[in-house]
Engineer: 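First, the structure itself, so that you have it in front of you.
In what follows, residues are counted from 1 in the order of the sequence shown.
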Amino acid sequence: QVQVVESGGASVQAGEFLRLSCTVVGLDVTDFSLGWFRRSPVPGSGREGVACIMYDDLYTYYKDSVKGRFTISRDNAKNTLYLQMNDLKPEDTAMYYCAVGPTPREWFCAGHSGGTWGQGTQVTVSS
């Protein structure tokens with residue numbers, strides 16, 4: 001059974017940084033696209049794609065509001081995905097989720113269905 005486990009969430013002040021990690025157990029992620037998503041605590045907010053990385057590392061996607069501040073990376077040897085988040089803002093407050101795409105060698109990000117998801121890690125940014 002595949003398990004996706006996020007870690008690294010915390011409560012920080014605006015301007016500070018965090019690095020989220022996502023370790024996948026039970027599946028070699030080498031051939032899978034991976035992504036970070038988040039859900040804001042604002043009522044009615046949906047889950048949005050934050051950053052995604054192609055299975056071959058040749059393409060990454062970033063939500064406009066995080067470009068230049070967040071960096072997604074992967075270490076296939078460790079079966080782990082990372083999200084370096086710098087200059088955090090209060091609007092980055094959310095539950096952050098990691099997901100593994102459902103199909104090898106296919107793009108997976110916001111708007112795509114399926115995948116294997118973790119339980120999330122909470123990021124809270126105070127002003």
Engineer: Determine whether Trp117 and Phe37 satisfy the following criterion, ring-ring contact (aromatic ring centres under 6.0 Å, His included), listing intermediate values before the conclusion.
Structural biologist: CA-CA 10 Å; Trp117 296 78; Phe37 303 78; 4.6 Å; yes
Engineer: Between Val123 and Thr93, does the side chain to side chain contact (heavy atoms under 4.5 Å, CB included) criterion hold? Intermediate values first, please.
Structural biologist: CA-CA 5 Å; Val123 172; Thr93 295; 5.9 Å; no
Engineer: If every non-hydrogen atom of Leu83 is compared with every non-hydrogen atom of Trp36, which pair is closest and at what distance?
Structural biologist: CB-NE1, 3.4 Å
Engineer: I need the minimum non-hydrogen distance between Trp107 and Met54, along with the two atoms involved.
Structural biologist: CZ3-N, 3.4 Å
Engineer: For Val100 and Val4: C-alpha separation, side-chain torsions, deciding distance, then whether side chain to side chain contact (heavy atoms under 4.5 Å, CB included) applies.
Structural biologist: CA-CA 8 Å; Val100 182; Val4 177; 4.0 Å; yes
Engineer: Evaluate the side-chain proximity of Thr60 to Thr71: yes if any heavy-atom separation is below 4.5 Å, no if none is.
Structural biologist: no
Engineer: Are Val29 and Val2 co-members of a hydrophobic cluster defined by side-chain heavy atoms under 4.5 Å apart?
Structural biologist: yes
Engineer: Does a sphere of radius 6.0 Å around CD in Gln119 hold more than 12 heavy atoms from other residues, nucleotides or ligands, not counting ones at 6.0 Å or beyond?
Structural biologist: no
Engineer: Using side-chain heavy atoms (C-beta onward) and a distance below 4.5 Å, is Leu20 in contact with Glu6?
Structural biologist: no
Engineer: Using 0.5 Å steps for rounding, measure from the CD atom of Gln84 to the OG atom of Ser21.
Structural biologist: 9.5 Å
Engineer: Just how far is it from atom OG of Ser126 to atom CD of Glu16, taken to the nearest 0.5 Å?
Structural biologist: 9.5 Å
Engineer: Does NZ or CZ of Arg19 come closer than 6.0 Å to the centre of the six-membered ring of Tyr82, within 45° of the ring's axis?
Structural biologist: yes
Engineer: Kindly give the heavy-atom pair with the smallest separation between Asp64 and Lys67, and that separation in Å.
Structural biologist: OD1-NZ, 3.0 Å
Engineer: Which heavy-atom pair separates Pro41 from Ala94 by the least distance, and what is that distance?
Structural biologist: CD-CA, 4.2 Å
Engineer: Check Asp87, Asn86, Asp92 against Arg69 for a side chain to side chain donor-acceptor pair (under 3.5 Å) and give me the one that passes.
Structural biologist: Asp92
Engineer: Under a 4.5 Å cut-off applied to non-hydrogen side-chain atoms, are Val125 and Gln13 in contact?
Structural biologist: no
Engineer: In the structure I gave you, are the side-chain heavy atoms of Cys52 and Leu34 within less than 4.5 Å of one another anywhere?
Structural biologist: no
Engineer: Verify, without hydrogens or angle tests, whether Thr121 (side chain) and Ser7 (backbone) share a donor-acceptor contact under 3.5 angstrom.
Structural biologist: no
Engineer: Between Val12 and Met85, is any pair of side-chain heavy atoms under 4.5 Å apart?
Structural biologist: no
Engineer: Can you find a pair of side-chain heavy atoms, one from Tyr97 and one from Arg39, that are under 4.5 Å apart?
Structural biologist: yes
Engineer: Say you draw a straight line from CD of Glu48 to OG of Ser40; how long is it, rounded to the nearest 0.5 Å?
Structural biologist: 7.5 Å
Engineer: Looking only at heavy atoms, which two atoms of Phe108 and Ser33 are closest? And how far apart?
Structural biologist: N-CB, 3.7 Å
Engineer: Following the transitive rule for hydrophobic clusters with a side-chain heavy-atom cut-off under 4.5 Å over Ile, Leu, Val, Met, Phe, Trp and Tyr, establish whether Val24 and Tyr96 coincide in one cluster.
Structural biologist: yes
Engineer: Supply the atom-to-atom distance Arg74 CZ to Ile53 CD1, rounded to the nearest 0.5 angstrom.
Structural biologist: 5.5 Å
Engineer: Mind listing the closest non-hydrogen atom pair of Ile72 and Tyr62 along with its distance?
Structural biologist: N-OH, 2.8 Å
Engineer: Would you say that Thr30 contacts Tyr55 through its side chain, given a criterion of any heavy-atom pair below 4.5 Å between the two side chains?
Structural biologist: no
Engineer: Could you tell me if the side chain of Cys98 sits less than 4.5 Å from the side chain of Leu81, heavy atoms only?
Structural biologist: yes
